[in-house]
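Worksheet: the structure to be examined is printed underneath.
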Amino acid sequence: MNLLSTVLLITTALSLVLAAVSFWLPLMTPDYQKLSPYECGFDPLGSARLPFSLRFFLVAILFLLFDLEIALLLPLPWGDQLPSPTLTFIWASALLALLTIGLIYEWLQGGLEWAE
């Protein structure tokens, strides 16, 4: 019973501290950009026909690609319970190698350079 009460005490205290911090942090001096409806850096009242940065779009696509990689590799720890875990790890290694080669290619081509 002592372990259960300790765990409940720690979780309650941690929850209260995190809730207090989440209410306290947004009150710290917001600037003009944080007070705008959109935090993306675009003027929401301006023209919608402004040119969109292709470099920003490519970096966003790369971010989504590597986010998808994490989602694909998430079930990997349970792969050792399959009948052939070696095959699972080979496929995961092949996926990581392919994405690493793609990242190196993008890096060498200058696709990750934000400013010229």
Side-chain angles (χ1 to χ4, degrees):
M1 192 63 168
N2 192 14
L3 178 65
L4 181 63
S5 62
T6 305
V7 168
L8 286 176
L9 180 69
I10 290 173
T11 56
T12 304
L14 185 62
S15 298
L16 289 175
V17 167
L18 289 176
V21 167
S22 72
F23 282 115
W24 174 69
L25 277 180
L27 300 178
M28 298 174 67
T29 61
D31 59 350
Y32 171 73
Q33 291 296 328
K34 288 289 184 181
L35 292 176
S36 71
Y38 304 103
E39 293 183 25
C40 61
F42 295 113
D43 182 21
L45 303 175
S47 173
R49 304 279 184 215
L50 293 174
F52 187 72
S53 171
L54 185 61
R55 187 163 306 272
F56 177 78
F57 179 72
L58 288 175
V59 170
I61 292 295
L62 283 173
F63 175 76
L64 288 175
L65 176 70
F66 286 102
D67 231 17
L68 179 64
E69 169 215 353
I70 298 298
L72 288 174
L73 293 177
L74 193 60
L76 187 61
W78 292 280
D80 62 346
Q81 298 174 2
L82 293 173
S84 61
T86 308
L87 183 64
T88 305
F89 292 123
I90 289 173
W91 278 108
S93 299
L95 177 68
L96 281 174
L98 181 68
L99 286 171
T100 304
I101 290 169
L103 178 65
I104 292 170
Y105 176 76
E106 283 293 324
W107 195 333
L108 293 176
Q109 293 295 319
L112 299 177
E113 297 293 327
W114 187 255
E116 295 178 20

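The figures here come from the full heavy-atom set of this structure, side chains too, leaving out hydrogens, waters and symmetry mates. In this chain, numbering begins with 1 at the start of the sequence shown.
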query = Step by step, would you call F89 with L76 a side chain to side chain contact (heavy atoms under 4.5 Å, CB included)?
reply = CA-CA 8 Å; F89 292 123; L76 187 61; 3.5 Å; yes
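Note: I10 CD1 to L14 CG = 9.0 Å, rounded to the nearest 0.5 Å. How far CG of L74 is from CD of E69: 11.5 Å, rounded to the nearest 0.5 Å. Interatomic distance, L73 CG to L99 CG, rounded to the nearest 0.5 Å: 8.0 Å. Between atom CD1 of residue I61 and atom CG of residue D67 there is a gap of 12.0 Å, rounded to the nearest 0.5 Å. Rounding to the nearest 0.5 Å places CG of L95 at 14.0 Å from CD1 of I90.
Linking ILVMFWY side-chain heavy atoms closer than 4.5 Å, directly or via other members, places L96 and W107 in a single hydrophobic cluster. Hydrophobic clustering (side-chain heavy atoms under 4.5 Å, transitive across Ile, Leu, Val, Met, Phe, Trp, Tyr) keeps L87 apart from L98.
Summarising the geometry of G79 relative to P85, their closest heavy-atom pair is O-CB, 3.3 Å, with the distance given to 0.1 Å.
Side-chain contacts under 4.5 Å among hydrophobic residues (ILVMFWY), followed directly or transitively, place I104 together with L108.
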